Amino acid sequence: MTALISTAASEFTEIELEFPNLFGGVAINYYRGFTVFGVPIYWYGVLITIGVVLAYFYAMHRTKEFGLNKDRVFDVVFAALIGGFLCARIYYCVFTTLDPNSPINYTFVTTFTGIRDGGLAIYGGIIGAFLVGFAACRIRKVNFFAMCDLASLGFLIGQTIGRWGNFVNQEAYGSVTDPDWIFGMTGDIISKEVEAGALVHPCFLYESVWCLVGFVFLHFYSKKLRSFDGEVALLYIGWYGLGRAFIEGLRTDSLMLGSVRISQIVAAVSFAAAIILLIVFKIVTEKKNIPLYVNSEACKELAEKDIAAEEAAKAKKAAKLAAKEKSAPSILAGDAEDIKLEADGADDSEGSDSEDNADGGYGEDINPNGEDAVKSESAAEEPLKDGEEEDSKESEE
């Protein structure tokens with residue numbers, strides 16, 4: 001651990017971030033990352049990874065409540081994650097290049113090769129994840145709207161944790177705020193970009209808390225009050241859009257298209273569209289009495305097919321294993337065969353000795369003509385003498 005920290009100190013410069021009005025003043029000194037075998041690892045990436053992993057486990061824990069199969073959900077999540085990441089990068093690079101005030105112009109090559117220099121846009125990630133997720137749902141026969149509800153809860157978890165990567169990097173902060181504002185912050189990187197001693201809005205903190213509150217609300221809402229598939233997704237879009245529209249207005253690093261903040265416009269439009277669609281789908285669902293996918297016959301039929309396919313796969317695997325064990329030679333089986341052969345040989349030997357005994361084979365002096373047997377019979381026919389008869393009677397008495 002000591003070696004790791006010393007390596008981090010050699011690769012990253014220690015920086016400070018301060019909240020002068022929070023709890024009488026809070027100052028944090030830290031490094032922006034660490035190294036593993038000489039490769040720099042930024043806390044920003046680590047925090048995003050933690051958010052993704054927690055979102056995945058949460059989604060897997062609740063698949064059954066939405067009528068979804070874990071294996072199918074995994075495939076959709078995997079594809080949507082790749083699509084979301086790529087689109088988040090492309091979205092950022094395109095609008096950064098279109099901004100006339102931006103000093104950076106990305107090409108097709110640098111869009112992907114310069115990823116370690118930073119640059120991801122959350123709205124691009126959301127759009128990409130939904131588009132790729134839609135295609136994956138069609139391929140894997142997953143109900144798209146039920147999947148959107150589940151994915152939206154995962155998005156909120158990822159955003160809640162991932163925004164703290166902006167805290168570590170001292171980025172995505174807002175404009176200069178009142179010197180007495182309790183959450184006003186400054187830092188080594190921030191002070192280089194704003195006037196000395198000025199405090200700025202911690203926009204990352206505002207958005208992280210906003211997403212956390214939204215997650216808690218939608219978590220419980222989805223358990224008891226969800227009335228149609230896609231409702232939680234629309235609530236997520238509306239909730240996040242409302243908060244982002246205000247928070248984006250405070251930021252100083254917004255993606256711009258002329259004098260327009262791209263993310264602020266997208267957020268406002270998303271909020272309005274989500275509210276309208278919520279009202280429309282709510283009315284249609286109640287009017288037509290459309291059940292949730294988890295309660296539908298289509299969900300039950302697909303679940304039965306999945307169970308049957310799983311059992312068939314297990315049976316096939318067991319049969320294949322049994323056939324393999326039957327055809328494969330066994331050392332133990334060979335030893336048992338050797339033991340059996342030895343036992344059979346011993347039995348044959350004993351049988352041969354018995355036959356020899358029956359034929360009088362215990363002595364070479366036995367007369368083959370049966371003379372000893374004749375002598376025995378003649379001896380048995382001779383009468384006992386008087387003395388011998390008395391001795392016999394006494395022994396009987």
Side-chain angles (χ1 to χ4, degrees), residues 12-20 22 26-34 40-55 84-85 87-89 91-93 95-96 99 102 104 114-126 154-177 181-194 198-215 239-241 243-256 261-264 266-267:
F12 299 96
T13 303
E14 185 179 19
I15 57 177
E16 182 183 64
L17 190 142
E18 184 181 4
F19 291 86
L22 184 64
V26 176
I28 304 172
N29 295 291
Y30 61 93
Y31 298 99
R32 295 174 65 190
F34 54 92
I41 306 296
Y42 291 86
W43 286 114
Y44 181 88
V46 173
L47 288 167
I48 289 179
T49 302
I50 291 173
V52 170
V53 171
L54 290 178
F85 179 79
C87 287
R89 177 62 177 172
Y91 185 102
Y92 174 84
C93 293
F95 285 104
T96 298
D99 185 359
S102 174
I104 304 174
I115 187 66
R116 288 188 62 83
D117 297 331
L120 296 173
I122 185 61
Y123 267 116
I126 294 173
F155 276 132
L156 286 170
I157 294 175
Q159 289 172 265
T160 298
I161 298 174
R163 275 302 172 192
W164 285 89
N166 301 133
F167 165 84
V168 175
N169 286 349
Q170 295 188 24
E171 61 187 7
Y173 54 82
S175 58
V176 175
T177 185
W181 175 232
I182 187 172
F183 294 113
M185 72 175 186
T186 186
D188 291 338
I189 297 176
I190 296 172
S191 60
K192 296 176 181 178
E193 301 175 359
V194 299
L199 302 182
V200 298
H201 285 285
C203 290
F204 75 89
L205 177 62
Y206 301 158
E207 188 167 329
S208 179
V209 173
W210 183 258
C211 289
L212 177 61
V213 173
F215 168 73
W239 177 266
Y240 182 68
R244 184 63 183 267
F246 285 99
I247 296 171
E248 191 68 24
L250 299 173
R251 288 177 59 168
T252 59
D253 61 345
S254 299
L255 294 175
M256 305 293 291
R261 299 174 187 268
I262 299 299
S263 294
Q264 192 172 28
V266 173

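All residue numbers in this chain count up from 1 along the given sequence. In this text the structure is predicted, and so the values were computed from the model without any measurement.
Rounded to the nearest 0.5 Å, atoms CD1 (Ile189) and CZ (Arg32) are 4.5 Å apart. Atom OG of Ser175 sits about 11.5 Å away from atom CG of Leu199, to the nearest 0.5 Å. Here the straight-line distance linking atom CD of Glu18 with atom CD1 of Ile190 works out to 10.5 Å at 0.5 Å rounding. Atoms CD1 and OG1, on Ile262 and Thr96 in that order, are 10.5 Å from each other to the nearest 0.5 Å. The CD1 atom of Ile48 sits 13.5 Å away from the OH atom of Tyr42 when rounded to the nearest 0.5 Å. Atom CD1 of Ile15 sits about 10.5 Å away from atom OG of Ser191, to the nearest 0.5 Å.
In the displayed structure, Tyr30 atom OH is contacted under 6.0 Å by more than 12 heavy atoms of other residues, nucleotides or ligands.
Looking only at atom types and distance, the side chain of Tyr44 has no donor-acceptor partner in the side chain of Glu171 under 3.5 Å away.
Aromatic ring pairs are classed by plane angle as parallel below 30°, tilted from 30° to 60° and perpendicular above 60°; the pair Tyr240 and Tyr123 is tilted. Ring geometry, Trp181 versus Phe183: the interplanar angle exceeds 60°, so the pair is classed perpendicular (tilted spans 30 to 60°).
No donor-acceptor pair under 3.5 Å is formed between the side chain of Trp239 and the backbone N or O of Phe215. At distances below 3.5 Å, not a single donor-acceptor pair connects side-chain atoms of Ser208 with backbone N or O atoms of Phe204. A donor-acceptor pair is defined here as one N or O able to donate and one able to accept, closer than 3.5 Å; no such pair exists between the side chain of Glu14 and the backbone of Tyr31. Between the side chain of Gln170 and the backbone N or O of Glu16 there is at least one donor-acceptor pair closer than 3.5 Å.
Heavy atoms only, all atoms of each residue included: Ala55 and Gly154 are closest at CB-O, 3.3 Å. Taking every heavy atom of both residues into account, Ala172 and Asn166 meet most closely at CB-CG, 3.8 Å. Taking each heavy atom of Ala245 and Ala267 in turn, the nearest pair found is N-CB, 3.7 Å. Listed here is the closest heavy atom pair of Cys203 and Arg251: SG-CG, 3.6 Å. In plain terms, the two heavy atoms of Cys87 and Gly124 that are nearest each other are CB-O, 3.2 Å. Residues Tyr173 and Asp253 come closest through the heavy atom pair O-OD1, 4.3 Å.
Side-chain contact between Phe167 and Ile28 is present, with at least one heavy-atom pair separated by less than 4.5 Å. When side chains are defined from C-beta on, Ile122 counts as touching Arg244, because their heavy atoms get closer than 4.5 Å. Contact check for Val200 versus Met185: side-chain heavy atoms found under the 4.5 Å cut-off. For the pair Leu205 and Trp164, the minimum side-chain heavy-atom distance is below 4.5 Å. Residues Leu212 and Arg163 are not in side-chain contact: their nearest non-hydrogen atoms beyond the backbone lie 4.5 Å or more apart.
For Arg261, there are no salt bridge (charged side-chain N to carboxylate O under 4.0 Å, His left out) partners two or more places apart in sequence or in a different chain. Residues that satisfy the side-chain contact (heavy atoms from CB on, under 4.5 Å) test with Val46, not counting sequence neighbours, are Phe34, Ile41, Trp43, Ile50.
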